[in-house]
Amino acid sequence: MTLPRPAKKGEMVALDLEMFGQDVKRLHRPHGTFACLSIAYSAEEHYQITDKADLPKALERLKSGMWIFHNALYDLRQLRGLCNTPPVSKVWDTMLVERAMFGGYYNDFSLAGLTRRWLHVYLSKEQQSEFGQAEHMTTEMAEYAIRDAISTLLIAQAQRHQLDESEDQLRSYWEVDEPAIWAFLDLQPVAIDADGWRKLAEENDATGVSIQLDLGFNVKSPKQTIEHVEKMTRVHLQDSTKLSLEQLALGMRSEGYDSAAEFIEKILEARSYRDASSKYGMKWLDEYVEEENLVYPDFKVSGTETSRTSCSSPNVQQIPVRKMPKFRELFVSRHPGGSIIIADQNQQELRFLAWFSGDTVLRKALLDGRDLHQEVADDFGLTRRKGKDINLGLGYGMSAAGLASRVGISIEAAEAGIRKRNARYPLAAIWSSNQKSRGAALGYVTSALGRRMWINPYLEQWERNAINSPIQSSAAEQTKIWLRLIFDEAKARDLPFAVTMLVHDELVADVPKGMVRQYAKLLKETGIESGKMVAPDMEFDVAVAYGPNWGAKA
DNA sequence: TGCCCTGGCGC
DNA sequence: GTACGTGCCAGGGCA
């Protein structure tokens, strides 16, 4: 078997790992058996390792090169499961680089998609499924694997060539996403109270079934729901498209139709229990909970066009917290007597709005710790709870129409509220307006670290994207730098890297007994430090809470 | 079975 | 009359 020649310092070398017998739904977990590692220096010079025993030697020879992967997290995780991988200083991830270059422009970031765009070749994925069943490689499978590695290499070269002319575009990749890969590889599993989960699942299931039985139809069927609600309320729902059942119930209640309102509220209640039991029931336990009751979510470094992280299998970024807080209480420490620490960035996105715009009124309000949700509630003439919804909605770039339907007010009232808010924070309003011109002129807007997000002028919402994307993207950059600082500092201070989950502006850590104060301090310090690295001269603030589970409150 | 749609959760 | 942030997930409905 031919081992690859040693890589020269910084030389680009693409690696592509294939495994036999993998479950496509669990690709982020090391499993299956080794099939081959394909290695490409160029379209002509490539190697293939098919004997697992050769892996350490082969990787050792590649050590000095810059490793190129398409989705490095997958290959590095599996490689770590197969052998001791030598430390590599930097990796070029064609998927993450492509997202950094074309966020907002493309939706397809698969290897096949990139191959089509960069190399003008249609990459068939037919052979890929073969690896699931097979135990031995055929010639076709070997060729398929080599072809993927060569493709990855050529794409990286093409990306680099294009970026040579505007190198600042890669700043966000090298300072945020690439370093984050190494921290993401070491994210810790999170422990579940499986008995408690089972009990709660059974209760939710029973409650959902019993309420639905009373109602006498399938509440999960929009068709049946419309039919029954129309019969009850004599309102034609298809005429008032997208009128939420919640709003309808409120309307019925205010006009004195109490029994109709109760009927609709019961539907919503049945739905929420049935949703909870199907999403977080026994199937969830069977599918995601591994030995020692540990769960290993699949976090993607950059899962959206603004480079926010996304999460799946299971998605722990969407575990209920408001209506059903019990689920979070079942995320517990894996350490005897250990603690879950929750650290979150206070008003993270509004701080970036203040920083970008230089709005001193907003900045002072943030520094003074004023109640901004109440202030916006006053602008709109609503309760504080709705004020918070509006601040969040505005943060996500929602339109007046979007806010109106979400909060349950008229579009005119939403527009009037937005005008009042603009008057309260005039420089923020001016900055927002400038972002629109900038986006329209350049075709893209940029994050604090220079990451581009392309504006699609054919989308109605492009103006709001031009305002919101830089803010959301900068916040995502900060959180990933925060994670990386903890990773580095934990190593420097000889502490374990204990972070288990990343929920946009929040990090969750699971620490052994006796380590809470030390780790809470680390979380807070790095959280503030990360802000300085993204938005110099802006003050940041981190709230820390801890307890035996994720339900802890400050 | 596979595909699209709807609804609902977090941020 | 129409406007309606995102990603992930489960179920309904239909070819």
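In this text the structure is predicted, and so the values were computed from the model without any measurement. Numbered from 1 within each chain, the chains take letters A, B, ... in sequence-line order. As a basis for the values below, the full set of heavy atoms in this structure was taken, side chains included, without hydrogen atoms, waters or symmetry mates.
The distance from atom CD of A/Q317 to atom C1' of C/dT6 is 11 Å, rounded to the nearest whole Å. Atom pair A/F327:CZ and B/dG8:P shows a separation of 16 Å (rounding to whole Å applied). Here B/dG10 presents its P atom at 15 Å from CD1 of A/I342, a figure rounded to the nearest Å. Atom CD1 in A/I264 sits roughly 16 Å away from atom C1' in B/dG7 (whole-Å rounding). The nearest whole Å value for the distance from the CG atom in A/L459 to the P atom in C/dT2 is 20 Å. Between the CZ atom of A/F352 and the P atom of B/dC11 there is a distance of 18 Å, given to the nearest Å. Between A/L507 atom CG and B/dG10 atom P the separation is 19 Å, expressed in whole Å. Rounded to an integer number of Å, the gap from A/E269 CD to B/dG8 C1' is 16 Å.
A/Y444 pairs by the ring pair (Phe, Tyr, Trp, His ring centres under 6.0 Å) definition with A/W454, not counting sequence neighbours.
A/Y396 qualifies as a stacking partner of the B/dC11 base, centre to centre under 5.5 Å and near-parallel within 30°.
B/dC9 and C/dG5 have their C1' atoms separated by 15 Å, given to the nearest Å. Atom name C1', nucleotides C/dT2 and B/dG8: the rounded distance is 24 Å, in whole Å. When the C1' atom is used for both B/dG7 and C/dT6, the distance is 15 Å, rounded to whole Å.
Under the 4.0 Å criterion applied to side-chain N and carboxylate O atoms, A/D359 and A/R363 are not assigned as salt-bridge partners. Salt bridge absent: A/E477 and A/R451 never bring a charged side-chain N and a carboxylate O closer than 4.0 Å.
For A/Q461 and C/dT6, the shortest distance from a side-chain N or O to OP1 or OP2 is below 4.0 Å.
When only modelled atom types and interatomic distance are considered, A/Q345 and A/Q478 share a side-chain donor-acceptor pair under 3.5 Å.
Between the side chain of A/R322 and the base of B/dC9 there is no donor-acceptor pair of N/O atoms closer than 3.5 Å.
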Salt bridge (Lys or Arg N to Asp or Glu O under 4.0 Å) between A/E175 and A/R484, intermediate numbers included:
CA-CA 10 Å; A/E175 291 182 24; A/R484 173 63 180 190; over 6 Å; no
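None of A/V332, A/N549, A/N293, A/L200 except one satisfies the side-chain contact (heavy atoms from CB on, under 4.5 Å) rule with A/D193; the exception is A/V332.
Both distances falling under 3.5 Å, in either a Watson-Crick or a G-U wobble arrangement, occur for no nucleotide opposite C/dG1.
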Just by protein heavy atoms under 4.0 Å, how would nucleotides 8-15 of chain C read 5' to 3' in B, S and -?
BBSSSSS-
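Using bins of under 30°, 30° to 60° and over 60° for the plane-to-plane angle, the ring pair A/F487/A/F497 lands in the perpendicular bin.
A/I319 comes within contact range of the sugar-phosphate backbone alone, with a heavy-atom separation under 4.0 Å but no base atom that close. No engagement by A/Q472 is indicated, since no non-hydrogen atom pair under 4.0 Å with the nucleic acid exists.
Of all nucleotides listed (C/dA3, C/dG7, C/dC4), C/dA3 comes nearest to the side chain of A/I411. The side chain of A/E460 has C/dC4 as its nearest neighbour among B/dC11, B/dC9, C/dC4.
Although no hydrogens or angles enter the test, the distance criterion places a donor-acceptor pair under 3.5 Å between the side chain of A/T526 and the main chain of A/L523.
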